[in-house]
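Reading through the structure tokens given below for one structure.
First the proteins, then the strands, lettered A, B, ... as listed; each starts at 1. Any value given below was found using the heavy atoms of this structure, including those in side chains, with hydrogens, waters and symmetry copies removed.
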Protein chains: 2
Amino acid sequence: MAEAVNIKRLAQELNISIATVSKALNDSYEISLKTKNRVWDLARELNYTPNPAASNLRSNKTKTIAVVIPFVANNFFSLSIMGIEEIARQYGYHVLIYQTHENIEAEKAFTNSLLNGRVDGILTSVSSSEDNREYYANLVKKIPLVFFDRVYEDLDAVKVTTDDYEIAYQATEHLIDCGCTKIAYLFGLENLPAGKARFAGYLDALKAHGIAPSAELVVNYLDGEALNLEQIKKLLEKFQPDALFSSIEEFIIPAYCACREVGLQIPDDIKILSFSNLSTAKLLSPSLTTISQPAFEIGREAAKCLFKILHKKQLDDEQNIILKSVLIKRESTGC
Amino acid sequence: MAEAVNIKRLAQELNISIATVSKALNDSYEISLKTKNRVWDLARELNYTPNPAASNLRSNKTKTIAVVIPFVANNFFSLSIMGIEEIARQYGYHVLIYQTHENIEAEKAFTNSLLNGRVDGILTSVSSSEDNREYYANLVKKIPLVFFDRVYEDLDAVKVTTDDYEIAYQATEHLIDCGCTKIAYLFGLENLPAGKARFAGYLDALKAHGIAPSAELVVNYLDGEALNLEQIKKLLEKFQPDALFSSIEEFIIPAYCACREVGLQIPDDIKILSFSNLSTAKLLSPSLTTISQPAFEIGREAAKCLFKILHKKQLDDEQNIILKSVLIKRESTGC
DNA sequence: TTTAATTACGTAAACGTTTTCGCGTTACAG
DNA sequence: CTGTAACGCGAAAACGTTTACGTAATTAAA
């Protein structure tokens, strides 16, 4: 604190100009190796680190990226962040985190606050509460941005997603293979391509197997665990489905509880399957069949793409990167 | 991007000096309300937002805090971050996240990189792999810092923790009340006050009930799920404990698996209890009795303390804030 | 030998703010 | 009418970098 060690100080001690010091620190070709070494040694000795604000101001680079997501306390997103962090660290970048809480206004406010040079780029998984497509259509023109998992289609930006349609189709077939014919669908992310693709996979699999979909068997996600519990209990009592296909993790607890409260045995009376990155899925009672998304890899991949853009490297042809999810069969689907 | 809108631009359009604009934006008493309104209106119209780098450089304030934690993909920490974020947003601060992966070198490297004015303050939960006390003893002199959950004692800094000793004592008594006399301890965070306090609570409760502790019944955490599974299986086979008291969440999966593989029924043959913030604890097979820490509140409280320090408000007397954990009894302790 | 190119470094401006200091105007007391 | 505040604002320096440009010394080419 006391003895501010900055470039000027280094320059004075070494009797050279601050320009030379700056260039030496940045390993410029203009500076001789001898001088560079003198600078580097003294910098290390005095524990010099460049002032980020000054550096940002002058160079217009912050070496910082922002991650804008609905929540961090969520298995998928926290794993994604781990992947992002890993790559960011490799590149020497810092990571700012913003949670939108699925609030579209917060989402706009945060991202807007990032446009004045606070960060070099943004990684985001958009809020599902409302359609915010127009906003993002504008945003992608203003700052390097990569979408992951929750994306908007047809925007001029890189998108890292998973094979939602295919895996949902495959999962539905699994339920059918297990003898289910009345498969209820717990619908989340309805406003987003991911949610629509999952639902489409479910519907198409039903049709391919000659099962007529029924709107009565579809439950839309509501905000609040208790509400969903009520919804699912009503569903179970009124329409007696023989399976629950949950498209988002948030339905798991209410689904299990609802079955218990209604007195249904899993998987004998009803089978359950859910999109989820829960590490304890195998310990649930009974263990839960899940569609597990490669959350960590999604984070890594998205971050890699962003850094390619930031470093102006040509992106390998495609703007859409699709990773594979995996269906992990466990007791809750019982076969 | 094109038409950089900055203070100079505002000043030109309004035909006043940049000093006046700056002061108006900061609501200085020196400026008349009339002028302020003109500035504010134009700023809004042109979508002006101050350049953070310039502002930071001049004022030495970043409106940014850092959170340095072992992992974000962890129920406790991700909840803490939610709490921190909530408070930070109220104060208009940005949040940088750094994961140490329990690596003491990464821990030092990150925090050192924050000392050049990148952030105004730090919130941290220290790595448990080694003792890094000396480093922090120095660090707290250089930057406002608040510890939460995983702290070092006797440092001149605010510490937000939980009642580890008391709740561990209480939990052990609960196991004893359920008839257990041979209670194994799955030991984590051994290098930290939290880990030591939990263990002490366990030991003291045993003694108070006339049960002699045994070193054979203590298993230390190893890095890697498989290793812990092996350890616990050996423990079960060699010493037949009638309860497992796990001091950290990471033991839950290996503990459950070990019991299954060895053929022990929970809670009939053996009871299990663990520190944990797992939201699915009640859905496990059988549901898990947990000590649940108020993770969200810890984050909130820690952030509040940091902002008090940053705003030079006097801290209410005490440097140690202790929140209460809660013991949630479920099937795995079966009584 | 002369000229051109290269190397190694310095000067100074610039990035967009904040803030100190000073100055002119108005209001009011004496 | 003069002297003194108070008010409202502007000029300019400062924060610590980066970088365009200039220049002297050395080397290579002619």
Can you give one letter per nucleotide of nucleotides 12-19 of chain D, 5' to 3': B if a protein heavy atom sits under 4.0 Å from the base, S if only from the sugar-phosphate, - if neither? BBBBBBBB

Is a donor on one side and an acceptor on the other found under 3.5 Å between the side chain of A:S22 and the backbone of A:I18? no

Enumerate the residue pairs fulfilling ring-ring contact (aromatic ring centres under 6.0 Å, His included) with a member in residues 94-138 of chain A, sequence neighbours excluded, ordered by first and then second residue. A:F71-A:H101, A:H94-B:Y98, A:Y98-A:F110, A:Y98-B:H94, A:Y136-A:F147, A:Y136-A:Y152

When rounded to whole Å, the CD to P distance for the pair B:E30 and C:dC21 reads 12 Å

Rounded interatomic separation in angstrom, taking OH from B:Y29 and C1' from C:dT18: 14 Å

Is the phosphate of D:dC9, meaning OP1 or OP2, less than 4.0 Å from a side-chain N or O of B:S32? yes

Could you state the atom-to-atom distance from CG of A:N37 to P of C:dA8 in whole Å? 13 Å

Whole angstrom is fine here: how far is it from CG in B:N15 over to C1' in D:dC9? 13 Å

For atom CZ of B:R9 and atom P of C:dT17, their distance in whole Å: 12 Å

For the residue pair B:Q293 and B:T162, confirm or rule out a side-chain donor-acceptor distance under 3.5 Å. yes

Let me see the working for A:R89 and A:E85 under salt bridge (Lys or Arg N to Asp or Glu O under 4.0 Å), right down to the final yes or no. CA-CA 6 Å; A:R89 185 170 24 158; A:E85 264 255 356; 5.1 Å; no

Mind calculating the distance between CD1 (A:I31) and C1' (C:dC9) to the nearest angstrom? 6 Å

Using atom types as modelled and distance alone, determine if a side-chain donor or acceptor of A:S125 lies under 3.5 Å from a backbone N or O of A:F148. yes

Measure from the side-chain N and O atoms of A:S55 to the backbone N and O of A:N51, and report whether any donor-acceptor pair falls under 3.5 Å. no

Let me know the distance between NZ of B:K34 and C1' of D:dC7, rounded to the nearest Å. 14 Å

side-chain hydrogen bond (donor to acceptor under 3.5 Å, both in side chains) evaluation trace for B:E130 with B:N191: CA-CA 7 Å; B:E130 285 177 66; B:N191 294 315; over 6 Å; no

A:D120/A:K63 ion pair, N-O < 4.0 Å: no

Over how many whole Å does the gap from A:L33 atom CG to C:dC9 atom P extend? 11 Å

Closer than 3.5 angstrom, by distance alone: can the side chain of B:S129 be matched with the main-chain N or O of B:E102 as a donor-acceptor pair? yes

Specify the angle, to 10°, made by the local axes at the two ends of the helix from C:dT1-D:dA30 to C:dG30-D:dC1 when five pairs are taken at each end. 50°

